[in-house]
There are 4 protein chains.
Amino acid sequence: MTTERRKSPDTTRRSEASRRAILTAAFELTGEVGYAKLSIEGIAARAGVGKQTIYRWWPSKGAVLFDAFLALTEGAEGAGEQEAALPDTGDLEADLKTVLRATVDELNDPRYDEPMRALNVEILQDPALAAAYAERLDGPMKELKKTRLRNAQQAGELPEGLDLDLAIEMVWGPLRTRWLERRGPLTHAYADRIVETALNGLRPRPA
Amino acid sequence: MTTERRKSPDTTRRSEASRRAILTAAFELTGEVGYAKLSIEGIAARAGVGKQTIYRWWPSKGAVLFDAFLALTEGAEGAGEQEAALPDTGDLEADLKTVLRATVDELNDPRYDEPMRALNVEILQDPALAAAYAERLDGPMKELKKTRLRNAQQAGELPEGLDLDLAIEMVWGPLRTRWLERRGPLTHAYADRIVETALNGLRPRPA
Amino acid sequence: MTTERRKSPDTTRRSEASRRAILTAAFELTGEVGYAKLSIEGIAARAGVGKQTIYRWWPSKGAVLFDAFLALTEGAEGAGEQEAALPDTGDLEADLKTVLRATVDELNDPRYDEPMRALNVEILQDPALAAAYAERLDGPMKELKKTRLRNAQQAGELPEGLDLDLAIEMVWGPLRTRWLERRGPLTHAYADRIVETALNGLRPRPA
Amino acid sequence: MTTERRKSPDTTRRSEASRRAILTAAFELTGEVGYAKLSIEGIAARAGVGKQTIYRWWPSKGAVLFDAFLALTEGAEGAGEQEAALPDTGDLEADLKTVLRATVDELNDPRYDEPMRALNVEILQDPALAAAYAERLDGPMKELKKTRLRNAQQAGELPEGLDLDLAIEMVWGPLRTRWLERRGPLTHAYADRIVETALNGLRPRPA
DNA sequence: GTGTAAGCGAGACGGTACGTCATGTCTTGTA
DNA sequence: TACAAGACATGACGTACCGTCTCGCTTACAC
């Protein structure tokens with residue numbers, strides 16, 4: 001872990017102003033022209049920066065966009081970073097609906113939609129980026145989800161032997177897929193229906 | 001519907017030999033160099049064809065790859081095309097496992113893995129391609145799935161009010177996501193677990 | 001002369017309408033877009049003719065333009081073709097000035113300027129075309145000039161041993177060069193000065 | 001004169017090696033395949049240079065060829081550039097014959113014939129190139145010619161009122177035309193005959 | 001304090017691929 | 001069988017970016 005950045009340049013001399021300008025430019029341009037037409041040259045021009053400054057610090061345009069997201073989320077978290085957790089009122093179904101409804105609102109925000117989709121697509125093609133995503137962005141969130149589900153297990157709301165990864169996929173997967181593939185509108189009603197169906201299963205339950 | 005191709009060139013004069021060479025080249029090259037490095041120039045060179053012949057008939061390299069798949073599946077279907085259906089032994093769970101296990105085997109086939117993933121990625125970025133995919137490739141398969149689930153409803157294995165689209169997502173989504181995002185190995189055991197979890201739901205069922 | 005068109009198709013079946021449409025289109029397009037941007041495709045489209053019809057009968061776009069000129073001059077000559085001759089009033093200097101002034105007027109006609117220049121340029125690059133030009137267009141005119149000069153020789157206005165080809169070059173060359181290379185305006189005064197200078201020579205003549 | 005190159009890129013960063021490679025390649029290729037088949041792609045390939053490097057510094061292939069000539073002549077001039085002058089022995093006729101014979105020898109050199117003709121043809125079609133040619137290549141030479149003729153005027157060998165531009169055309173025009181249009185062989189005898197005819201005029205002179 | 005060695009904006013460089021255009025040949029269907 | 005139409009393989013066009021490189025400039029750190 002300590003020697004991982006052998007070839008990277010000296011980070012202490014890095015220009016914070018350039019870094020922020022690049023991330024901002026990348027984020028905005030992705031929203032304006034789409035990820036496919038996003039270019040390093042374009043980012044550099046918009047940011048008023050030499051191309052080499054980008055190549056010096058990032059291996060690909062996907063990595064730049066990734067860092068742009070990272071900066072965004074870190075900026076939003078504020079001071080009390082560690083304390084984030086999913087709501088836990090004791091009612092798993094209600095809590096999941098709350099969370100999914102919030103996700104729906106976020107995904108419907110036009111400012112984030114295009115760059116977020118671009119990042120998700122890029123991850124499919126770049127394993128290194130996927131690893132970074134899994135570790136830095138998706139990982140922490142997934143841990144929160146697991147914690148909430150584990151609590152539900154202890155409360156008896158979920159069975160002991162449940163595959164939590166699969167459970168998460170059942171609850172959050174359909175929403176993400178519908179968003180990523182634009183298969184239909186993202187609504188609170190849809191969020192609710194997912195939660196109910198996932199919890200109860202497809203099979204009829206005895207009354 | 002009849003006049004939709006006003007500006008397209010005369011299809012009757014089209015060279016079938018060139019068309020097949022292009023589709024074959026596109027499919028093979030995607031497997032060899034990956035979709036990102038696939039180029040129209042490369043396809044044309046490999047196919048022994050002028051670039052213009054590709055631009056004349058396809059709007060994008062994604063469209064070429066799409067047609068390559070279409071040709072593949074149509075070639076495979078052979079004569080008895082209409083009779084395709086999902087297995088129906090009366091045991092929904094067993095049948096779904098059979099189908100998902102077959103899908104697992106297909107997705108593990110290295111020949112199709114890379115091009116198929118490329119096509120799926122491209123669809124995320126090209127709405128026109130997505131529409132074609134939904135209509136020509138995914139649509140028919142989805143109809144088979146719905147039919148099977150409807151049969152199960154009539155047999156009382158599934159409730160009347162079930163959202164079939166969501167149900168399909170619950171069953172097939174996790175497998176597709178794991179494959180697309182390379183989140184883990186695709187095994188028969190995983191296929192079975194998905195089916196069981198989706199059918200029973202996350203919540204404990206009374207014994 | 002008899003075997004020169006070995007590979008050409010049967011001329012008797014040729015469509016006169018297509019031929020004229022092609023020549024007209026070529027001439028007009030040269031005036032409109034310039035010779036450099038003139039294309040066989042463009043001529044065919046403007047003439048409402050298949051490309052093959054042009055390739056069947058002409059070896060190059062220069063040849064088409066050449067024929068367009070030929071058609072033009074032949075159309076203008078009318079019936080009494082053989083009777084053309086340069087004016088001969090017995091005063092060589094006056095006659096040459098008359099002829100050169102007429103040439104000046106022709107070269108200043110904007111309709112012919114661009115196509116004529118194009119043809120002259122093309123001739124520099126295509127020996128076959130140059131030969132055709134020398135034989136069909138320039139040759140007859142040069143014969144007229146020589147005849148007039150020979151008459152002057154017999155009248156004692158020019159010395160017996162004069163190189164007539166060089167003499168023609170002295171008289172007509174400067175005008176043609178000034179036009180071809182756009183070195184200056186073509187005026188009657190310039191025409192007169194050429195004739196005087198060529199006849200008298202650069203050296204002072206005794207009074 | 002100071003602000004004429006507003007949009008041109010920074011000349012100080014220019015690669016001299018690339019520039020020379022391009023000019024050499026252009027000159028050689030013109031000799032090998034002819035100007036018509038000369039292509040920017042071909043020059044770039046032969047020079048081991050990206051196409052953009054050519055487009056960055058030259059507006060057309062004609063301009064490249066022009067610079068190739070410029071480099072050639074500038075290389076040949078050596079140190080004492082300003083001192084060049086046409087011979088002046090006091091005998092105008094002899095001096096002009098000397099100069100024209102030298103020109104004949106130069107035009108007969110097969111290394112320069114094709115590229116030089118190509119440049120001359122291109123000038124007919126490109127006014128910008130023509131202006132550059134007039135200023136940089138033809139202009140200085142023309143000044144030398146005028147100077148020699150002016151000296152002859154002062155010595156009484158030529159009349160005061162003579163149009164020097166026209167006189168130059170009379171002497172050098174026929175040779176240039178015969179070369180450019182390949183109308184016949186370029187010989188010393190022909191050079192001599194031109195000078196004699198131009199000086200004495202077509203009309204007979206009293207003995 | 002003053003090198004000296006980074007990072008920086010700038011942009012030229014050798015390349016690859018783009019999407020368009022025209023070439024000259026070949027094929028199809030009409031008259 | 002000549003023709004209009006137009007698909008075809010070929011190849012150059014001029015553009016956009018790629019990722020690398022070199023320029024001066026500025027901005028620390030080390031001596």
Side-chain angles (χ1 to χ4, degrees), chain A residues 9-19 21 37-45 47-57 59-61, chain B residues 9-19 21 37-45 47-57 59-61, chain C residues 9-19 21 37-45 47-57 59-61, chain D residues 9-19 21 37-45 47-57 59-61:
Chain A
D10 180 1
T11 255
T12 65
R13 290 180 188 248
R14 185 168 186 177
S15 159
E16 180 61 15
S18 292
R19 186 182 149 271
K37 295 201 168 183
L38 181 68
S39 69
I40 301 276
E41 302 236 347
I43 297 171
V49 137
K51 281 199 294 176
Q52 199 61 259
T53 302
I54 300 182
Y55 284 110
R56 190 161 18 234
W57 301 107
S60 66
K61 68 175 180 175
Chain B
D10 180 358
T11 257
T12 64
R13 292 178 189 258
R14 185 168 187 178
S15 158
E16 180 62 16
S18 292
R19 187 182 148 270
K37 294 202 168 182
L38 180 68
S39 68
I40 301 274
E41 302 237 350
I43 297 171
V49 137
K51 280 198 294 177
Q52 199 62 257
T53 301
I54 300 182
Y55 284 111
R56 185 155 31 228
W57 301 107
S60 66
K61 67 176 181 174
Chain C
D10 180 359
T11 257
T12 63
R13 295 187 183 246
R14 186 168 185 178
S15 159
E16 180 61 16
S18 292
R19 184 180 151 273
K37 293 202 169 182
L38 180 68
S39 68
I40 301 276
E41 302 239 346
I43 297 171
V49 138
K51 282 197 296 175
Q52 197 58 31
T53 301
I54 300 181
Y55 283 110
R56 192 160 19 232
W57 300 106
S60 67
K61 67 176 181 176
Chain D
D10 181 359
T11 253
T12 64
R13 292 179 189 263
R14 186 167 184 179
S15 160
E16 180 61 16
S18 292
R19 185 181 149 272
K37 293 202 168 182
L38 180 68
S39 67
I40 300 275
E41 302 236 350
I43 298 171
V49 137
K51 278 198 295 177
Q52 199 58 34
T53 300
I54 300 182
Y55 284 110
R56 185 155 31 227
W57 302 107
S60 65
K61 67 176 181 175

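Order of the sequence lines fixes the chain letters, A, B, ..., with proteins taken first and strands second; residue numbering starts at 1 for each chain.
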Short side-chain N/O contact to E:dC13 OP1/OP2 from D:Trp57, under 4.0 Å: yes
Touch class at under 4.0 angstrom, heavy-atom based, for A:Gly42 against every strand present: nothing
Distance (rounded to the nearest 0.5 Å) between A:Lys37 NZ and A:Ser39 OG: 11.0 Å
Side-chain N or O of B:Arg13 closer than 4.0 Å to phosphate OP1/OP2 of F:dA5: no
Given DNA chain E, 5'-ward residue of the pair B:Glu41 and D:Ser15, judged by closest heavy atom: D:Ser15
Closest non-hydrogen atom pair between B:Ala44 and B:Ile54, with its separation: N-CD1, 3.8 Å
Aromatic B:Trp57 / basic B:Arg14 pairing, under 6.0 angstrom, 45° off normal: yes
Between P of E:dT25 and CD1 of C:Ile54, the distance in whole Å: 13 Å
Polar side-chain contact A:Lys51-E:dG11 base: donor and acceptor under 3.5 Å: no
Side-chain N,O (D:Thr12) to OP1/OP2 (F:dC23) below 4.0 Å: no
Distance below 4.0 Å between D:Ser39 side-chain N/O and F:dG11 OP1 or OP2: no
Base of E:dC26 paired with side chain of C:Gln52 (donor-acceptor, under 3.5 Å): yes
Pairwise 5' ranking along DNA chain E for C:Tyr55 and A:Val49, keeping only the more 5' one: A:Val49
Closest heavy-atom pair and its distance - A:Lys61, A:Ile40: CB-CD1, 4.0 Å
Distance below 4.0 Å between B:Arg56 side-chain N/O and F:dC8 OP1 or OP2: yes
Whole-Å distance separating the CD1 atom of A:Ile40 from the P atom of F:dT20: 11 Å
Presence of C:Ser18 side-chain N/O under 4.0 Å of F:dA2 phosphate oxygens OP1/OP2: no
Distance in angstrom units between A:Ile43 CD1 and E:dA10 C1', rounded: 17 Å
Any B:Thr53 side-chain nitrogen or oxygen under 4.0 Å from OP1 or OP2 of F:dA7: no
Pairwise distance NZ(D:Lys51) to OG1(D:Thr53) - rounded to 0.5 angstrom: 11.5 Å
Nearest-nucleotide 5' precedence on DNA chain F, B:Gly50 against C:Glu16: C:Glu16
